[in-house]
Enquirer: 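Here you go, one structure.
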Protein chains: 2
Amino acid sequence: MIYNSLKKNIQKHVQLSNTELETISSYFKPQVLKKKEFLLTQGSICKFEGFVLNGCFRVFTIDKKGNENTLYFATKDWWLMDIDSFMNRKPSNLNMQALEDSKVLLINKADKLALYESTPIVEKLFRIMSQKAIVAWQRRLISNQCQTAKERYLYFTNTYPNIVSKLTDKQVASYLGITHEFLSKIKKNN
Amino acid sequence: MIYNSLKKNIQKHVQLSNTELETISSYFKPQVLKKKEFLLTQGSICKFEGFVLNGCFRVFTIDKKGNENTLYFATKDWWLMDIDSFMNRKPSNLNMQALEDSKVLLINKADKLALYESTPIVEKLFRIMSQKAIVAWQRRLISNQCQTAKERYLYFTNTYPNIVSKLTDKQVASYLGITHEFLSKIKKNN
DNA sequence: TCTATTTATTGAACTTGTTCAACTATTCTC
DNA sequence: GAGAATAGTTGAACAAGTTCAATAAATAGA
């Protein structure tokens, strides 16, 4: 059943009844994306929140200078969202691109709002998920400010070897915040 | 009334009744800190979530190499918390130090949990606050990866002139992720 | 008000990371 | 399977930021 991994993921964060779990899942619709397809492009409004069933996505921005900066990669069991764009109907700064053939579960805004109303545990779920995300973002910022590119590279490859194996060095470099040329040099004298 | 600014802040995020507002506020207790006093020190467990009534705090970590890295500054109407430590009873990685005589409102964990139970809108409140925080942390990360130290310095001083005026250059540098010597050089050829 | 301490400035040498360009290897695609 | 496009490597010159040390300025205590 395609909803199994979503349900398991939700249960990691909050305790809830099967009925609640069914209600929540029922609002999520599957969508398939081919390699290189975009789920969201910079400038458009994000109309969904997503959960990755399989495959891999890269979430990135392109700044005025034309540099790509990767915010995160999302593989199986990761969430995909641009909260600011989704909640406030703002043009997104983010691109979400499938790095391989992928499948996601999506919920649209009307359904999400309905779910918050009908199933209060969903507020708690997303409150807890958001708080965990904050902790991760704070750690990432500190790591970026205190560690060298080589240290960050080693940490990333050691922590997420199964993600790294799906990525090109260019993509890894854009996540680490360095040029791919420099990453190549880091790898050389390892 | 000391609770006014807390109430106004809450109302910015969610719509709620006066009763709810009173209930929430009633759990928060005022505490006064003198300049240089710590509200939280690295290694101890964070027993509160706080809201700044006046004064200014610096939230920072000291890494293994001994470098101070400032996560954020909190002046009037900002929240102070270490979610990971508070929720999971983990030793905190953060220090929260008053940069001047300050006053905060604090809520402890038992009361916070009681509040989530008794007053469901609090889940929504913190869900929304957390989501806004994620957006801010993502922006900060991108800014750190894509902008030069000078660009970040100019953005910070232009965006938060009233905070910057309370800070030493050393503190600003530790927020920007550069040495204070280099900040001095940036300021010179401006 | 004097002294101790912290903060800010500056320069020189150094390290980290970038840019550009040329080349090689890989992978799409038809 | 050939050609086109993309990704990875390398080197040289450069720019951004650090480190260390010495000095000056500001602040905090007593």
Side-chain angles (χ1 to χ4, degrees), chain A residues 33-38 56 58 60 62-70 73 95 97-101 141-157 163-190, chain B residues 33-38 56 58 60 62-70 73 95 97-101 141-157 163-190:
Chain A
L33 286 103
K34 290 222 173 110
K35 183 169 180 173
K36 294 197 177 169
E37 253 188 286
F38 283 81
C56 184
R58 183 166 74 102
F60 65 100
I62 302 176
D63 70 12
K64 301 139 209 163
K65 298 169 195 162
N67 298 316
E68 282 191 12
N69 193 275
T70 297
F73 300 100
N95 300 281
Q97 186 180 26
L99 298 183
E100 55 188 40
D101 292 357
L141 186 80
I142 292 170
S143 139
N144 259 276
Q145 290 198 347
C146 296
Q147 294 184 276
T148 63
K150 187 170 185 175
E151 290 170 327
R152 281 178 275 146
Y153 169 70
L154 292 174
Y155 176 79
F156 182 57
T157 49
I163 298 184
V164 173
S165 66
K166 297 174 182 233
L167 306 176
T168 65
D169 282 1
K170 255 187 141 175
Q171 291 162 348
V172 172
S174 79
Y175 174 85
L176 297 174
I178 58 176
T179 60
H180 66 284
E181 292 96 330
F182 189 56
L183 176 56
S184 175
K185 286 162 195 172
I186 286 174
K187 291 176 75 172
K188 197 185 172 188
N189 51 25
N190 212 4
Chain B
L33 286 103
K34 290 221 172 115
K35 184 171 180 171
K36 293 195 178 174
E37 251 188 289
F38 283 81
C56 184
R58 183 167 75 103
F60 64 101
I62 303 178
D63 68 13
K64 303 137 208 163
K65 299 169 195 163
N67 298 317
E68 282 190 11
N69 193 275
T70 298
F73 300 101
N95 301 281
Q97 185 179 28
L99 299 182
E100 56 188 39
D101 291 356
L141 186 78
I142 291 170
S143 138
N144 259 275
Q145 291 199 348
C146 296
Q147 295 185 277
T148 63
K150 186 170 185 175
E151 289 169 330
R152 281 178 275 146
Y153 169 69
L154 292 174
Y155 177 79
F156 182 57
T157 49
I163 298 185
V164 174
S165 67
K166 298 175 183 233
L167 306 176
T168 65
D169 281 0
K170 254 186 142 174
Q171 291 163 347
V172 172
S174 79
Y175 173 85
L176 297 174
I178 57 175
T179 61
H180 66 283
E181 292 96 330
F182 189 55
L183 177 54
S184 175
K185 285 162 196 174
I186 286 174
K187 290 175 75 174
K188 198 185 171 189
N189 50 25
N190 214 2

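Below, chains carry the letters A, B, ... as their sequence lines are ordered, and counting in each starts from 1. Just so you know, these numbers come straight off a predicted model, no measurement behind them.
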Enquirer: Specify the separation, in whole Å, of atom NZ of B:K150 and atom C1' of D:dA15.
Expert: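 Value for this atom pair: 14 Å.
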Enquirer: With sequence neighbours excluded, what pairs up with B:K64 under the side chain to side chain donor-acceptor pair (under 3.5 Å) test?
Expert: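 Scan of B:K64 (side chain to side chain donor-acceptor pair (under 3.5 Å), adjacent residues dropped) gives none.
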Enquirer: Given C:dT9, D:dG17, D:dG8, which nucleotide is nearest the side-chain atoms of A:K170?
Expert: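 So the side chain of A:K170 is nearest to D:dG8.
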Enquirer: Return the set of residues passing side-chain contact (heavy atoms from CB on, under 4.5 Å) with A:K36 (not counting sequence neighbours), or none when no residue passes.
Expert: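 Counting only residues at least two positions away or on another chain, A:K36 forms a side-chain contact (heavy atoms from CB on, under 4.5 Å) with A:Q97.
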Enquirer: Would you check if the side chain of A:T157 reaches a backbone N or O of A:Y153 as a donor-acceptor pair within less than 3.5 Å?
Expert: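 Present.
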Enquirer: Within the side chain of B:K65, is there an N or O that forms a donor-acceptor pair under 3.5 Å with the backbone of A:C146?
Expert: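 Between the backbone of A:C146 and the side chain of B:K65 there is a qualifying donor-acceptor contact (under 3.5 Å).
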Enquirer: Please report the distance, rounded to the nearest Å, between NZ in B:K65 and C1' in D:dG17.
Expert: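 Taking atom C1' of D:dG17 as the reference, NZ of B:K65 is at 14 Å.
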Enquirer: If only atom types and distance count, is the side chain of B:N69 paired as donor or acceptor with the main-chain N or O of A:I142 below 3.5 Å?
Expert: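 No, because the side chain of B:N69 does not come within donor-acceptor range (under 3.5 Å) of the backbone of A:I142.
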Enquirer: Can any side-chain N or O of B:Q147 pair as donor or acceptor with the backbone N or O of B:N144 at less than 3.5 Å?
Expert: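 No, the answer is negative, given that no donor and acceptor are paired below the 3.5 Å cut-off.
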Enquirer: Given D:dT10, C:dG17, C:dA8, which nucleotide is nearest the side-chain atoms of A:S184?
Expert: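 Out of D:dT10, C:dG17, C:dA8, the nucleotide with an atom closest to A:S184's side chain is D:dT10.
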Enquirer: Tell me every residue that passes side chain to side chain donor-acceptor pair (under 3.5 Å) with B:D169, counting only those two or more places apart in sequence or in another chain.
Expert: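 Partners of B:D169 by the side chain to side chain donor-acceptor pair (under 3.5 Å) criterion, ordered by chain and then number, come out as B:K187.
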Enquirer: By the definition side chain to side chain contact (heavy atoms under 4.5 Å, CB included), identify the one residue from A:Q171, A:K35, A:K166 that meets it with A:L99.
Expert: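 Result for side chain to side chain contact (heavy atoms under 4.5 Å, CB included) with A:L99: A:Q171.
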Enquirer: Rounded off to whole Å, could you give me the CD-to-P distance for the A:Q171 and D:dT6 pair?
Expert: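 Whole-Å distance recorded here is 13 Å.
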Enquirer: Quick one: B:Q147 CD to C:dT18 P, roughly how many Å, whole number?
Expert: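 Atom-to-atom, B:Q147 to C:dT18, this comes out as 15 Å.
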Enquirer: Is the distance from OP1 or OP2 of D:dG11 to the nearest side-chain N or O of A:K188 less than 4.0 Å?
Expert: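 For D:dG11, OP1/OP2 do have a side-chain N/O of A:K188 under 4.0 Å.
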Enquirer: Rounding to an integer number of Å, can you tell me how far A:I186 CD1 sits from C:dT18 P?
Expert: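 It works out to 8 Å between those atoms.
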Enquirer: Rounded to whole Å, please give me the gap between CG in A:L99 and P in D:dA7.
Expert: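 Answer to the nearest Å: 11 Å.
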Enquirer: Please give, in whole Å, the distance from C:dG17 P to B:N144 CG?
Expert: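 Atom-to-atom, B:N144 to C:dG17, this comes out as 14 Å.
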Enquirer: Would you mind reading off the distance between A:H180 atom NE2 and D:dT10 atom P, rounded to a whole angstrom?
Expert: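 In whole Å, D:dT10 P and A:H180 NE2 are 13 Å from each other.
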Enquirer: Between A:D101 and A:K34, is there a donor-acceptor pair closer than 3.5 Å when you use the side chain of the first and the backbone of the second?
Expert: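 No, A:D101 side chain to A:K34 backbone: no donor-acceptor pair under 3.5 Å.
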Enquirer: Atom pairs, N/O to N/O, protein against nucleotides 18-22 of chain D, distance under 3.5 Å?
Expert:
unit_1 : atom_1 : unit_2 : atom_2 : d
D:dT18 : OP2    : B:T179 : N      : 3.1
D:dT18 : OP2    : B:T179 : OG1    : 3.3
D:dT19 : O4     : B:K185 : NZ     : 3.2

Enquirer: Are any of the side-chain nitrogens in A:E37 or A:R58 under 4.0 Å away from the carboxylate oxygens of its partner?
Expert: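 Salt bridge between A:E37 and A:R58, a charged N being under 4.0 Å from a carboxylate O: no.
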Enquirer: Please tabulate, one pair per line, each protein N/O and nucleotide N/O from nucleotides 24-30 of chain C that are separated by under 3.5 Å, including the distance.
Expert:
unit_1 : atom_1 : unit_2 : atom_2 : d
C:dC28 : OP2    : A:K35  : NZ     : 3.2

Enquirer: Once you build an axis from the first five pairs and another from the last five of the helix from C:dT1-D:dA30 to C:dC30-D:dG1, how far apart in angle are they, to 10 degrees?
Expert: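 Axis-to-axis angle, ends of the helix: 60°.
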Enquirer: Would B:L183 and B:V172 count as a side-chain contact (heavy atoms from CB on, under 4.5 Å) if you check the C-alpha gap in whole Å, the side-chain angles of each, and the deciding distance to 0.1 Å?
Expert: CA-CA 8 Å; B:L183 177 54; B:V172 172; 3.9 Å; yes
